[in-house]
Each structure stands twice: as C-alpha cells, then as structure tokens.
Amino acid sequence: MSSELPVQRPRNDIEPAEPLDNPGLPEHLPRPTDVDPAMERRAERQISAFFGLATLLTLVFCVAYFVVPKDATFLGWSALNFSLGASLGLALLAIGIGAIQWAKKLMDDHEVIEMRHPVASSEEDRAATLGMLNDGIKESGFGRRPMIRNSLLGALGVLGLPAVVLLGDLGPLPGRTQFSTVWTKGMRVVTDVSGLPIKAADLEVGELVNAEPAILFETDEEGERVLEGTEALQAKSKAAVIVVRIRPEDITAPAGRENWGVDGILCYSKICTHVGCPISLYEQQTHHVLCPCHQSTFDLSDGGSVIFGPGKRPLPQLPLSVDEEGYLIATSDFTEPVGPSFPEIEQES
Amino acid sequence: MSDTKTPTHTPVEQTKFGKRAGGPVKWLDERVGAAGVARGLIRKVFPDHWSFMLGEIALYSFIVLLLSGTFLTFWFQPSMQEITYTGSYTPLYGLEMSQAYASTLDISFDIRGGLLMRQIHHWSAMLFIAAMYVHMLRVFFTGAFRKPRELNWVIGVLLMVLGLIEGFAGYSLPDDLLSGTGLRFVDGLIRSIPIVGSYLEYFVFGGEFPGNEIIPRLYMVHILLVPALLLGLIAAHMLLLVYHKHTQWPGPGRTEKNVVGYPVLPVYAAKAGGFFFVVFGFTALMGAVLQINPIWAYGPYNPSEVTAGSQPDWYMGFVEGAVRLMPNWEFTTLGWTFSLNVFIPAVLLLGAFFTAIGAYPFIERWVTKDDREHHLLQRPRNAPVRTALGVAAMTFYGVLWIGGGNDIIATQFRLDIYAITWFCRVMVFVGPVIAFIITKRICLGLQRADKEQVLHGYESGVIERSPDGGYSERHTPLSEVGQYELTTHERVEVAAPPPAADDRGVRVPGARKARRHAFVSKFYYGDVVDKPSRDDVDEARHHAGHDGHELEADEEFRGVGETGVPRSH
C-alpha cells in the first residue's frame with residue numbers, strides 16, 4: 001500500500017447502533033486472482049481475448065458494409081442488417097464484458113470509505129450570503145424605490161405577451177370548418193380504393209362498402225386532381241363513409257330519417273365520434289360496427305347509436321338517394337359535425 | 001494502493017506518455033483549473049449494489065439514442081409533401097405518400113445500416129423508458145427519495161414525463177398508417193380540452209387534421225426541444241447525485257455518515273464504462289435480430305384506414321387503456337361541450353398520475369414529520385405502507401395497461417372484449433385496494449420473520465425428538481453480522497393524538513390539525529413490527545446458551561447453513 005494515499009482506508013469510527021453495535025467493515029477476503037499467479041495470468045489472457053475479439057468483430061462490420069448486398073437474406077432476415085447488427089453488437093458487448101471482467105478480477109477490490117458532509121451550507125456561508133444580498137439590495141435601492149421596482153416588474157411581465165401573441169399564426173382559427181365536409185347534394189358515393197360509383201342494385205344485404213365522396217377522384221380539364229395532397233387527406237379524414245345494406249324490416253330509423261336510405265342501404269360517417277379512428281369492424285348479423293382503436297360500438301340498424309365503449313355521439317348518417325342511372329348519391333352534406341366532439345359542437349351558427 | 005500488485009509502478013507523470021502529455025495538461029489547467037475539479041471526482045466512492053445500475057441503463061440508452069438519432073437525421077425528411085415513391089421496396093412502388101414516410105422507407109431499404117440504426121433507435125427508446133420506470137421503482141421502494149433527495153426525485157419524474165413525450169413524438173414521425181392513427185388520437189385528445197380545444201387543435205396541426213405542419217413541428221420537438229430539456233435535466237440529476245453522494249444499503253461498517261464502496265478510478269470507470277458498451281451492444285443485437293416497427297408493412301397514412309389491433313408503444317399503453325375503459329361521459333352546458341370521456345383519461349389522468357408521483361416525497365414527509373437526512377436505504381418491508389402504496393399504484397397502472405390491450409387479449413384468449421373491459425373498469429378501483437392489503441400483510445409478515453430470526457435464529461433443518469416423543473426443529477443463532485443486518489432500520493413512533501380539550505374543558509388550539517396528523521401517522525406507522533430491543537437480544541442469546549447443546553448425534557448431517565445449504569465438514 002502506498003503512503004501517498006492517506007485517505008480512504010476502512011475505519012471503524014462508526015456510531016453505535018441499536019439493538020446491536022455496528023460490527024464494522026468485514027475483513028477483506030482475497031480473490032483467487034489475488035493469491036494465485038496462474039489464475040491472475042489466466043484472467044489477463046481472458047480479458048485481452050475479449051478486447052481482441054472486439055477488434056476483429058469491428059473489422060467484420062466494416063467488411064460486411066461493403067460486401068453484403070442490400071437485398072440478400074439470411075434465415076429470413078435482411079442479411080445486411082443481421083451481419084452489421086450482430087458484428088457491431090457483439091464487438092460492443094466484448095468491450096463491455098472485458099472491461100467489467102478487468103474491474104472484477106484484477107483491479108484492487110478493497111472497499112474504500114468516504115465521509116459524508118452535511119448537504120446544507122454552513123451557518124457562516126448563509127450569513128455571508130445574506131449579508132452580500134442585503135448589500136446589493138441596499139446599493140441598488142431596489143427596496144427603497146418602489147416606483148422603479150414596480151414599473152420594471154410590470155415591463156418584464158408584459159414581455160410575456162409578445163411570446164404568446166407571436167404564436168398567433170401557428171394555425172388558422174377553426175371558424176365553421178369543423179361543421180361541414182365536402183359532401184354536397186347529388187355527389188356520388190364511390191368505393192374508396194377504385195373510385196367507382198356504387199349501384200344500389202349491386203349491393204347485397206349484409207354487405208359493407210368503404211366509400212368516399214366522388215370529388216376525391218375527380219379531375220379537372222387538364223387531368224389534375226381537384227383535391228390533392230394535404231387537401232385531399234383533410235377532406236378524406238372527415239368525409240369517409242361506410243355504406244351498408246340491411247334488411248329494411250331490421251331497421252329502426254330515427255324520426256325524420258325514414259327516407260335517408262335506399263331499400264335498406266344506409267350510409268354513415270366512418271370517422272368514430274370518440275377520437276376519430278376510422279371504424280371498420282362490422283358484424284353482419286347484429287349490424288354492429290366496432291372501432292378498433294377504443295372499441296366504441298355502434299348499431300347501424302338503429303341510427304348509428306352507441307351501444308358500448310367510450311364514444312358518446314351516434315355515428316352521423318349521410319342521407320342517400322339514387323341518381324337516374326341508379327348510382328348512390330348524397331342528398332346533402334352531413335346534418336351534424338362528424339368525428340370527435342369539440343367544445344363548440346352543439347353551438348348553432 | 002493499486003501498486004501492491006505491480007511493484008514496478010511508475011507514477012504517470014514520469015512515464016513517456018506522461019512527459020509528453022504534461023505540457024498540454026498544464027496548459028489546460030492554467031486556463032480552466034481542471035485539476036481542482038478532477039481531484040474531487042477521480043477517486044469519488046460509489047457503493048456497489050445491482051439495483052444501482054438501473055439508472056445507468058437509462059443514461060446509457062439515452063446516449064445510444066443521441067448517437068443513433070443523429071445518424072437518422074442525415075436522411076429523414078420531416079415533410080408531409082405528398083410524393084410518388086420510387087425507392088427499392090417494390091410492394092409500395094408508385095404509391096402516393098408523404099416525404100416523411102418515403103424517406104423512412106429509404107432509410108430502411110436503401111441506406112446501408114439504416115434499418116439497423118432505426119431498430120437500435122426504437123429499441124433503445126423502449127429500454128430508456130423501461131429503465132427509467134424500474135429505476136424510479138427502486139428509488140421509491142428503498143426510500144432513496146427522502147431528504148435531501150426530494151428535488152432529484154422531482155427532476156426524475158420530469159425526465160419520465162419528457163421521455164414519454166419524446167417517445168410519442170418520435171414514433172409519430174414516419175407518417176405510416178399506425179403512427180398516423182396515433183396522431184388522429186392526439187387530435188381527438190386536444191379537441192377534448194374544454195372551451196379552447198378547437199383552437200388548440202388548429203394551432204397544433206396548423207389547420208384541419210392532418211394538415212401540413214404536424215410532422216415538421218413534431219420533428220423539431222423530437223430532435224431539439226425535448227432532447228435539450230432532457231439533457232439539461234439529466235445534467236442536473238447527475239450533479240445532485242454527485243453532490244449528495246450515492247445512498248447505500250445499511251450493513252457492517254456502513255452508516256448515515258459515510259459511503260463505502262469502490263472509487264471511480266479505476267473500478268467504476270471500468271465497470272460503468274464497460275456497462276455502457278454492454279447496453280449499447282445489447283441494443284445493437286436487438287436491432288440485428290428483433291424486428292421493430294416495420295413501417296413498410298403498415299403502408300402510408302390514410303385517414304380512412306386503420307388496422308385492427310392498433311397499439312401504441314408499450315409506455316403509452318396505460319393512457320390507451322384509460323381511454324378505452326372510460327365510460328362515455330360527455331355533456332353540454334351553456335353551449336359548450338365537455339368530452340370527459342376523452343379529457344379525463346387522456347389529459348387529466350396523465351397529469352394527476354405524475355403529479356402524485358412527484359408529490360409523494362412531500363406527502364410522506366408531512367406524515368412522518370421526519371426532517372433528518374437519510375443516506376441509508378430501507379428494505380421495502382420496513383416501510384410497509386409505502387411499499388403497499390407503491391404496489392397499489394403499480395396495480396392501477398397494470399390494470400390500465402391490460403385495458404390498453406383488451407382487443408389483443410380478446411383475440412388471443414378468445415374472450416369477450418366487453419367482459420374484459422368491464423373487468424378492468426372494476427379492477428382499476430378494486431385492484432389497488434386488494435394489492436395494498438396483501439402487500440402490507442406480506443411486509444408485516446416479513447418483519448415478524450426478521451424479528452424471529454434475530455431472536456431465535458434460523459431453522460437448521462435438524463429435527464429433534466424429545467423424551468416424551470414430540471418433534472421440534474432446532475434453531476441455530478444467526479451470526480452477529482446477520483443479526484445486525486436485520487436490525488439496522490430505525491424504530492418508528494406513531495404520533496399520539498392530543499386531547500381535544502384540556503382538563504378545564506378549554507379547546508386546545510391546533511388540536512384538530514394534530515389529531516388529523518395522528519390519524520395519518522397511525523395509518524402509516526400503526527402496524528409496523530418493532531425490532532427487538534437490546535435487552536431482548538441479550539436475553540435471547542442467554543436463553544439459547546442454556547438450551548442449546550452442541551449437536552453430536554450425527555456426524556454426517558449438521559443441519560443447514562444460513563443460506564439453506566447443508567453443512568458438511
């Protein structure tokens with residue numbers, strides 16, 4: 001033991017405890033590597049082997065980056081991802097294991113004691129700090145000149161306003177945009193993938209079709225989409241619908257909606273009134289449709305009413321009719337807002 | 001002291017390297033005074049226990065996140081501009097999608113090592129949050145949050161909340177079908193905020209959902225705002241740790257006034273440094289063989305599509321569960337609609353849960369009125385009510401988490417999804433109470449067992465038959481160290497309720513407050529099993545001396561040791 005490290009050796013100047021006295025640090029027991037030079041050399045070899053292995057695996061990583069093709073597979077995995085990840089991961093593990101092994105087997109393992117100091121500052125420090133603080137306050141006149149002080153505090157307080165006001169252009173104000181969708185009187189109901197109009201006569205009882213308003217697929221004279229990109233996504237996220245055909249005798253239409261269907265074909269918003277997931281799980285026999293996100297369940301034969309789950313409002317219904325060619329059309333926009341509730345939802349314009 | 005092994009040790013300043021480095025080091029020290037700082041740190045002592053490395057896992061996975069995340073930013077395009085995909089993943093070739101999604105596909109298929117870094121990034125994010133939770137539980141159940149560490153506990157809770165936000169912002173970025181559904185949920189959540197919901201929604205999304213802005217904004221939050229806050233708070237967390245010095249388990253030679261362990265240099269530099277490589281290596285291996293978030297399988301976001309079994313990352317599961325279990329409370333008053341079905345579970349509950357966790361040290365301090373510094377850890381059994389409260393909170397979290405997976409549970413176990421939901425709706429209230437009672441009883445039982453062992457020793461495995469034919473098991477006294485370790489905890493005192501009025505019938509001022517405190521003190525400490533007194537121990541020792549004669553009957557079997565292993569000779 002060297003003499004230039006006077007601190008930190010086990011000491012037994014510990015307070016008595018109760019009911020038994022603190023017996024003090026137990027005696028240090030040497031490890032096999034401390035007493036057996038052969039074991040010590042073995043541990044030394046082991047640890048260097050880990051570090052050597054890490055070097056090797058890192059080189060394997062570099063070679064794999066250039067050699068393994070991007071589309072090759074290995075046991076169903078991407079061969080590139082596997083070879084890069086495995087070589088890098090094992091190299092890092094080898095470095096880590098080697099270092100920990102070094103600490104555990106070879107480095108000095110005598111426990112060291114450090115004394116704690118009170119966390120709080122000393123009384124002198126407190127007094128001195130308070131004195132300096134008072135000097136500062138006195139010299140500034142902060143306490144004696146309330147007019148300056150209060151006007152400064154006021155000015156600084158008001159400075160918070162620009163920080164808030166500047167955020168004004170983060171987005172437009174909602175206005176009445178939440179109350180309407182792109183559906184209009186006479187717009188055709190089309191299938192959501194191909195955009196084909198839906199013939200009322202082609203729908204079978206029990207069938208459910210995911211549909212969209214025709215405008216999402218319309219193009220102008222130059223062949224450009226009328227609604228594109230973000231605008232299309234925004235329209236879709238409110239206007240998506242489901243069309244179902246239910247035996248007319250199973251339907252209990254709410255008052256005023258008796259003629260919203262066509263021979264048992266009904267159309268509802270696809271956007272859940274809870275938090276806006278597209279509802280999609282339809283149970284043909286019960287006419288229940290379940291939202292896969294939070295399991296709000298709606299009865300399509302009963303005006304889209306909620307029968308289970310955290311959703312509150314019934315699914316909004318889109319009034320349907322057929323055009324002269326027999327295709328399904330909307331007779332108006334939704335008569336109530338679609339999607340999740342918002343604070344103004346019950347406010348008339 | 002390390003030179004006991006290498007008698008030829010040369011002081012570093014006299015080595016060849018040291019002589020060369022001396023100049024630059026002196027230059028540096030003359031400008032920043034590095035030696036003064038390093039002096040206090042190089043041989044700083046840290047105590048050793050496996051549970052102290054849980055926070056390290058969180059710290060190291062955060063470093064892995066910074067490294068892998070930086071790599072990802074070189075290629076990721078945080079833009080919602082719709083483009084046509086022309087990359088090498090053929091099933092999606094020619095499809096319209098956002099640039100964010102297309103660039104994530106590029107990282108996964110066209111950038112070598114990109115998929116690996118994405119998977120390392122996602123796995124270490126999960127590990128980061130899991131490690132923070134487990135670290136927090138360790139600190140909670142051992143009482144390591146007590147004075148002077150309450151502020152560090154609060155910083156830890158902030159780190160936890162920021163970690164959740166950071167994780168959520170991160171997994172929303174690829175703009176695939178799953179993450180878009182998550183954003184749709186956030187849209188509904190913001191709308192549910194009373195009065196200002198619609199305005200906040202339009203401000204956050206830059207207009208109607210999904211808009212053009214949310215991914216660039218989340219990107220800024222994910223790579224700048226929250227990481228900067230995390231870094232600052234982690235720095236504060238570490239500085240306080242160094243200043244307070246680490247807590248330690250009580251034991252022979254370990255007291256409130258010292259810290260016993262190994263110095264940073266060399267042992268902790270090697271162990272903790274090595275452990276960083278182990279954590280990094282482990283996440284790299286996970287990235288190599290465990291697929292995570294295969295966004296190419298989900299497809300680009302489309303607001304009219306969703307997949308069954310949509311689940312957030314695991315750490316958001318409890319919020320998801322709360323939203324699923326909530327009954328459909330919504331009402332309108334004075335023209336304003338209040339969507340409590342979303343607002344309570346998604347906004348209020350999250351806030352209340354973490355506020356309660358953050359406030360716990362102050363609540364406990366109010367109950368115990370204990371104003372001393374504590375650097376010795378408590379075994380969970382020795383704080384039965386705290387431990388029971390902790391397990392009750394875990395049960396609450398766990399039931400919500402189960403609720404968040406009710407659809408998966410229903411399909412995997414062929415159960416009725418509504419029945420699972422109802423079960424969770426009840427259990428979220430009943431479960432914590434049951435957990436509290438059971439945990440407290442287990443703690444008290446363990447305390448009694450400890451007391452029993454101190455006084456009467458442990459079961460030796462030797463059965464004796466008395467002259468009248470009865471059988472009994474011989475007990476062997478614990479070693480002195482063993483006895484000491486079971487009696488290091490402090491005695492507790494229940495605050496006695498003061499009389500409401502003095503003997504002349506005059507109301508004692510503040511009596512009601514004191515009685516209230518006596519009540520919570522009794523709740524907290526009332527059933528704690530007191531440890532034996534010095535007299536008890538002496539008497540038991542004396543008694544054992546009379547009773548116990550050396551075992552001589554059997555040479556082959558001498559009973560079992562303290563660990564239950566048969567003694568042999």
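Chain identifiers are assigned alphabetically (A, B, ...) following the order of the sequence lines, protein sequences preceding nucleic acid strands; residue numbering begins at 1 within each chain.
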Heavy-atom pairs under 4.5 Å with chain A: which of [options] has the most?
options: Glu305(B), Gln291(B), Met326(B), Lys245(B); answer: Lys245(B)
options: Ser198(B), Ser339(B), Gly188(B); answer: Ser198(B)
options: Val289(B), Leu189(B), Val342(B); answer: Val289(B)
options: Asp536(B), Val278(B), Val279(B); answer: Val278(B)
options: Trp329(B), Phe205(B), Phe275(B), Tyr243(B); answer: Tyr243(B)
options: Phe185(B), Tyr202(B), Phe277(B); answer: Tyr202(B)

Problem set entry | Cys pair Cys291(A), Cys277(A): SG separation below 2.5 Å | no
Less than 4.5 Å to any heavy atom of chain B: does that hold for the side chain of [X], its backbone, both, or neither?
X: Glu212(A); answer: side chain
X: Ile279(A); answer: neither
X: Ala54(A); answer: neither
X: Trp77(A); answer: side chain
X: Thr177(A); answer: both
X: Val306(A); answer: side chain
X: Leu80(A); answer: side chain
X: Phe308(A); answer: side chain

Problem set entry | Per-residue contact mode, Arg118(B) against chain A (heavy atom under 4.5 angstrom) |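 Contact with chain A is absent: no heavy atom of Arg118(B) under 4.5 Å.
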Quiz question: by atom type and distance under 3.5 Å, do the side chains of [X] and [Y] form a donor-acceptor pair?
X: Tyr89(B); Y: Ser108(B); value: no
X: His28(A); Y: Asp109(A); value: yes
X: Arg324(B); Y: Thr421(B); value: no

For this session: Look at the rings of Phe342(A) and Phe179(A) and say which category their plane angle falls in: under 30° parallel, 30 to 60° tilted, over 60° perpendicular.
Result: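 Phe342(A) vs Phe179(A) ring planes: perpendicular.
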Exercise. Does the pair Arg116(A)/Glu373(B) count as a salt bridge with the N-to-O cut at 4.0 Å?
Worked result: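 So Arg116(A) does not pair with Glu373(B) through a salt bridge.
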Exercise. Charged N to carboxylate O under 4.0 angstrom, Glu82(B) versus Arg225(A)?
Worked result: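 Looking at Arg225(A) together with Glu82(B), the answer is no, because their closest N to O distance does not fall below 4.0 Å.
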Problem set entry | Partners passing ring-ring contact (aromatic ring centres under 6.0 Å, His included) against Phe280(B) (at least two apart in sequence or in another chain) | Phe276(B)
Exercise. Looking at Met115(A) and Ile113(A), what are the two nearest heavy atoms and their distance?
Worked result: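 In this case the closest contact between Met115(A) and Ile113(A) is SD-CG2, 4.0 Å.
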